[in-house]
Amino acid sequence: MADRAKNASKKIALLGILGAQALTLSFLENLIPPLPGLPPGVKPGFSNIVTMYAIQALGPGEAFFITLLKALFAGLTRGPVAFVLSFAGGMLSTVVMILLLRPRSPFGLAGVSVAGALAHNSGQLAGAVILTGTAKTAFYAPLLVLSAVVTGIITGTVLKVVMPVLEKQRKYFM
């Protein structure tokens, strides 16, 4: 029984560290100025590195927790619209990444990351349509697809590079 409690404590500690890392990356991304020609809010999605890692290292429930934490952070720092868009995009993205991120996945980390970015942008567009009451926000879809492919490849590649460091961190806690 003591070992089980100790393992649970270690898992919670790792989840806290990963949550802090996701929030830090999210905060730093918000410092990036809007890119000319792209819809507002297009960012690299580096906090999804942590979400993808959490899916593999801890499981789907913990990944959803990190996604919810990021959405709450967006709501606290940027308001209720940011919460809704972050929540809608993040949850859909997390579901897609959970479904695709399997051992020996034919998509690789970059492919899963691109799919997650596409799902995130789709969820945000759906949220924007609901919030604005108009489908005109779908005008951004082609630009969002392009940005999702580019940022997804970058994010997946960065995850592959930092994976040894994240694994070392996991082994320290677990």
Side-chain angles (χ1 to χ4, degrees), residues 2-33 35 38 41-74 76-77 86-124 144-174:
D3 284 341
R4 197 168 168 187
K6 186 176 179 181
N7 287 339
S9 296
K10 288 179 178 184
K11 189 174 184 178
I12 290 169
L14 179 58
L15 180 59
I17 294 295
L18 292 174
Q21 290 169 340
L23 294 182
T24 300
L25 290 169
S26 181
F27 173 77
L28 292 173
E29 280 185 337
N30 287 324
L31 299 177
I32 300 171
L35 301 172
L38 290 177
V42 171
K43 302 291 183 204
F46 289 134
S47 64
N48 285 331
I49 291 169
V50 178
T51 306
M52 286 177 63
Y53 180 74
I55 292 167
Q56 293 179 319
L58 298 174
E62 289 78 2
F64 280 120
F65 176 79
I66 289 172
T67 301
L68 176 60
L69 187 65
K70 292 188 310 182
L72 290 170
F73 179 73
L76 289 171
T77 58
S86 178
F87 183 80
M91 289 297 175
L92 186 57
S93 174
T94 302
V95 167
V96 167
M97 291 188 299
I98 287 168
L99 293 173
L100 297 179
L101 200 56
R102 302 278 184 232
R104 298 185 189 102
S105 170
F107 305 105
L109 293 176
V112 173
S113 182
V114 168
L118 288 167
H120 192 278
N121 289 350
S122 298
Q124 285 190 321
L144 291 175
V145 167
L146 177 63
S147 70
V149 170
V150 172
T151 60
I153 290 170
I154 292 169
T155 300
T157 302
V158 170
L159 174 57
K160 189 173 185 175
V161 170
V162 301
M163 186 72 83
V165 175
L166 292 170
E167 279 299 308
K168 186 176 181 180
Q169 173 183 272
R170 182 181 64 82
K171 287 179 184 174
Y172 178 78
F173 282 98
M174 308 276 289

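By convention here, the first residue in the shown sequence is residue 1. Values below: all heavy atoms of this structure, side chains included; hydrogens, waters and symmetry mates excluded.
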Practice task
Report the residues that fulfil side chain to side chain donor-acceptor pair (under 3.5 Å) with N30, sequence neighbours left out, ordered by chain and then residue number.
Solution key: R78

Exercise for the section: Sequence neighbours left out, what passes side chain to side chain donor-acceptor pair (under 3.5 Å) with K43? Give chain and number order. Expected result: none

For residues 46-54, dump all side-chain donor-acceptor pairs below 3.5 Å to protein atoms at least two apart in sequence or in another chain.
residue: S47; atom: OG; partner: K70; partner atom: NZ; Å: 3.3
residue: N48; atom: OD1; partner: K70; partner atom: NZ; Å: 2.9
residue: T51; atom: OG1; partner: K70; partner atom: NZ; Å: 3.1
residue: Y53; atom: OH; partner: L166; partner atom: O; Å: 3.1
residue: Y53; atom: OH; partner: E167; partner atom: OE2; Å: 2.9

Exercise for the section: State which residues pass side chain to side chain contact (heavy atoms under 4.5 Å, CB included) with A71; sequence neighbours excluded, sorted by chain then number. Expected result: F83, S86, F87

Please set out all donor-acceptor pairs under 3.5 angstrom arising from side-chain atoms of residues 110-122, sequence neighbours excluded.
residue: S113; atom: OG; partner: G152; partner atom: O; Å: 2.8
residue: S113; atom: OG; partner: G156; partner atom: N; Å: 3.4
residue: N121; atom: ND2; partner: L144; partner atom: O; Å: 2.9
residue: S122; atom: OG; partner: L118; partner atom: O; Å: 2.9

Exercise for the section: Check side chain to side chain donor-acceptor pair (under 3.5 Å) between T155 and all other residues, then give those that pass, not counting sequence neighbours. Expected result: none

Exercise for the section: Taking side chain to side chain contact (heavy atoms under 4.5 Å, CB included) as the test, write out the residues that go with L76, two or more places apart. Expected result: none

Exercise for the section: Going by the side-chain contact (heavy atoms from CB on, under 4.5 Å) test, name the single residue among L69, I55, T94 that passes it with F64. Expected result: T94

Handout entry: Residue pairs involving residues 145-162 (criterion salt bridge (charged side-chain N to carboxylate O under 4.0 Å, His left out); sequence neighbours excluded)
Key = none

Problem - Distance in Å, L23 CG paired with T77 OG1, rounded so as to fall on 0.5 Å steps - result: 9.0 Å

Handout entry: Side-chain heavy-atom pair I154, P44 within 4.5 angstrom cut-off
Key = no

Practice task
Could you name each residue pair satisfying side chain to side chain donor-acceptor pair (under 3.5 Å) that touches residues 12-29, not counting sequence neighbours?
Solution key: Q21-Q169

Problem - Under the side chain to side chain donor-acceptor pair (under 3.5 Å) test, residues paired with S93 that sit two or more places apart - result: none

Problem - Worked verdict on L109 versus M163 for side-chain contact (heavy atoms from CB on, under 4.5 Å) - result: CA-CA 11 Å; L109 293 176; M163 186 72 83; 4.0 Å; yes

Completion exercise
Separation between CZ (R102) and CD (Q56), nearest 0.5 Å, reads 11.0 Å

Problem - Heavy-atom check, side chain of E62 versus side chain of L14, under 4.5 Å - result: no

